[in-house]
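These figures come from a predicted structure and were not determined experimentally.
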Amino acid sequence: TTLELGGTEMGQAPMTTVAEKIVGTVRDRQVGQKIMSEVKFKDPKNDDERSFNDYIDLLYNEESFRRNVYEDPIKKDKLTVGLGHLLTPEELERYKDGDQWTDEDLLTVTRKDTRDKWNAAKAQMQELGIDDNDFLVALGSVNFQLGVNWWNEEVAGAKAHKNTWAALKAGDYEEAIREISNSLWYTTQTPDRAKAFQRAIRKLMDAQSPSILRRPDPESRLTSTFGI
């Protein structure tokens, strides 16, 4: 099926004026909102589905959504589209900087990217022995931004947050927070999102029993700028 919003007809002139760029930004937002609604569970029936919807809302607030391919602001040599989707080698053969994707293709990659990172976060939660929906939502965001191997030195090399992961596994949450503060993620890349993860870790410290499954607090989560 074809989504209602977004897309330009073939042969349409590229946007050049300030007014046209503003219209483009509005259209990006409209398309992004429509796609997010398609990705989310329409009628969530359990905590997992409700938490997944919260995770989608969080990502939409943290990530920009653009229909046109653009250079990733952090990974300068990478091209991105949609909800922070890094183009694969196959996609790079089809698209160049500035090319616009169809709504259908954007929906397809957004569904896959968000679900893959969510599943990775759930697997990591099991390995960490943590059962907390607030933290699961935050960890899903970490996986979406940094990649599913954000903790794995064998795969991510020097970029891996191996010390943060080790501290989390040991239940040493203060040390995990300190390790994040010492990372480039916190100091130069996206400090607001690093601080958001620190906030989620602090909530674990405040929990009386980590075995209690709690619903996320939307006021503390639907922004990436709630500090540490």
Side-chain angles (χ1 to χ4, degrees), residues 35-63 83-85 109-152 155-156 160-177 179-180 183 185-186 190-228:
I35 286 176
M36 293 301 100
S37 69
E38 292 286 336
V39 170
K40 292 167 65 174
F41 289 97
K42 298 297 185 294
D43 182 23
K45 296 177 174 58
N46 53 51
D47 275 344
D48 184 72
E49 293 182 357
R50 284 185 286 271
S51 293
F52 180 81
N53 284 359
D54 291 336
Y55 153 75
I56 296 299
D57 288 338
L58 176 60
L59 290 181
Y60 186 69
N61 279 275
E62 291 181 325
E63 301 275 348
L83 191 75
H85 171 76
V109 297
T110 302
R111 274 196 173 128
K112 183 179 188 307
D113 290 350
T114 54
R115 179 55 66 177
D116 287 350
K117 306 312 187 292
W118 180 252
N119 289 338
K122 291 174 69 174
Q124 291 162 19
M125 291 282 284
Q126 289 187 339
E127 188 169 351
L128 292 171
I130 298 172
D131 192 3
D132 181 285
N133 281 342
D134 283 339
F135 192 73
L136 174 58
V137 171
L139 190 59
S141 172
V142 171
N143 277 271
F144 194 89
Q145 183 190 15
L146 303 182
V148 298
N149 290 298
W150 65 273
W151 57 274
N152 190 342
V155 177
H161 295 258
K162 62 176 183 177
N163 294 332
T164 300
W165 176 257
L168 288 172
K169 286 194 73 172
D172 189 347
Y173 298 144
E174 286 283 8
E175 179 62 20
I177 290 170
E179 286 294 337
I180 292 172
S183 69
W185 184 33
Y186 180 97
T190 52
D192 284 342
R193 295 183 75 167
K195 291 174 184 179
F197 193 41
Q198 289 179 317
R199 176 61 177 270
I201 296 171
R202 279 206 172 90
K203 292 186 72 174
L204 288 178
M205 295 170 60
D206 295 338
Q208 295 299 312
S209 174
S211 64
I212 296 176
L213 189 65
R214 299 179 292 109
R215 289 288 304 131
D217 175 8
E219 292 185 1
S220 69
R221 227 186 27 261
L222 296 184
T223 175
S224 65
T225 60
F226 40 73
I228 62 172

Any side-chain heavy-atom pair from Trp165 and Leu128 closer than 4.5 angstrom?
yes

Decide side chain to side chain contact (heavy atoms under 4.5 Å, CB included) for Ile180 and Ile201; before the verdict, give the C-alpha distance in whole Å, the side-chain angles of both, and the deciding distance to 0.1 Å.
CA-CA 11 Å; Ile180 292 172; Ile201 296 171; 3.7 Å; yes

Can you list the residues that meet the side chain to side chain donor-acceptor pair (under 3.5 Å) rule with Gln124, with sequence neighbours excluded?
Asn143, Trp150

Under the side-chain contact (heavy atoms from CB on, under 4.5 Å) test, residues paired with Asp116 that sit two or more places apart:
Lys112

Who passes side chain to side chain donor-acceptor pair (under 3.5 Å) against Trp151, sequence neighbours left out?
none

Minimum heavy-atom separation for Ala138 and Ala200, please, with both atom names.
CB-CB, 3.5 Å

For Phe52, what residues pass the ring pair (Phe, Tyr, Trp, His ring centres under 6.0 Å) criterion, not counting sequence neighbours?
Phe41, Tyr55, Trp118

Can you find a pair of side-chain heavy atoms, one from Lys195 and one from Tyr186, that are under 4.5 Å apart?
yes

Approximate separation, where rounding is to 0.5 Å, of Glu62 CD and Asp57 CG:
11.0 Å

Are side-chain heavy atoms of His161 and Val142 found at a separation under 4.5 Å?
no

To the nearest 0.5 angstrom, please state how far the CG atom of Asn61 sits from the CD1 atom of Ile56.
12.0 Å

Within this structure, what is the CZ-CG distance for the pair Phe144 and Leu59, rounded to the nearest 0.5 Å?
5.5 Å

Residues which pass side chain to side chain donor-acceptor pair (under 3.5 Å) with Thr114, listed by chain and number, not counting sequence neighbours:
none

Smallest heavy-atom separation, Leu139 atom then Phe197 atom, equals CD1-CZ, 3.9 Å

Distance check, rounded to the nearest 0.5 Å: Asp192 atom CG versus Arg199 atom CZ?
13.0 Å

Salt bridge (charged side-chain N to carboxylate O under 4.0 Å, His left out) involving Lys117 - partner list, sequence neighbours excluded
none

Would you say the side chain of Met36 lies within less than 4.5 Å of the side chain of Thr110, judging by non-hydrogen atoms?
yes

Can Lys203 and Asp206 be counted as an ion pair, charged N to O under 4.0 angstrom?
no

Mind checking salt bridge (charged side-chain N to carboxylate O under 4.0 Å, His left out) for Glu179 and listing every partner two or more places apart, or none if nothing turns up?
none

Which heavy atom in Asn133 sits nearest to a heavy atom in Ser51, and how many Å separate them?
CG-OG, 3.3 Å

Calculate, to the nearest 0.5 Å, the distance between atoms CG and OH belonging to Leu204 and Tyr173 respectively.
5.0 Å

Looking only at heavy atoms, the pair that brings Leu136 and Lys122 closest together is CD1-CG, 3.8 Å

What verdict does the side chain to side chain contact (heavy atoms under 4.5 Å, CB included) test give for Gln145 and Trp185, after you've listed the backbone C-alpha separation in whole Å, the side-chain angles of each residue and the deciding distance to 0.1 Å?
CA-CA 10 Å; Gln145 183 190 15; Trp185 184 33; 3.1 Å; yes

Asp113: partners by side chain to side chain donor-acceptor pair (under 3.5 Å), with sequence neighbours left out
His85

Sequence neighbours excluded, which residues qualify as side-chain contact (heavy atoms from CB on, under 4.5 Å) partners of Glu174?
Asp172, Arg178, Met205

For Glu49 and Pro44, the nearest pair of non-hydrogen atoms, with its separation, is OE1-CA, 3.3 Å

Lys162 meets the side-chain contact (heavy atoms from CB on, under 4.5 Å) criterion, sequence neighbours left out, with Glu153

Residue set satisfying salt bridge (charged side-chain N to carboxylate O under 4.0 Å, His left out) with Lys42, at least two apart, ordered chain then number -> none

Of all the heavy-atom pairs spanning Arg193 and Glu63, show the shortest one and how long it is.
NH1-OE2, 2.8 Å

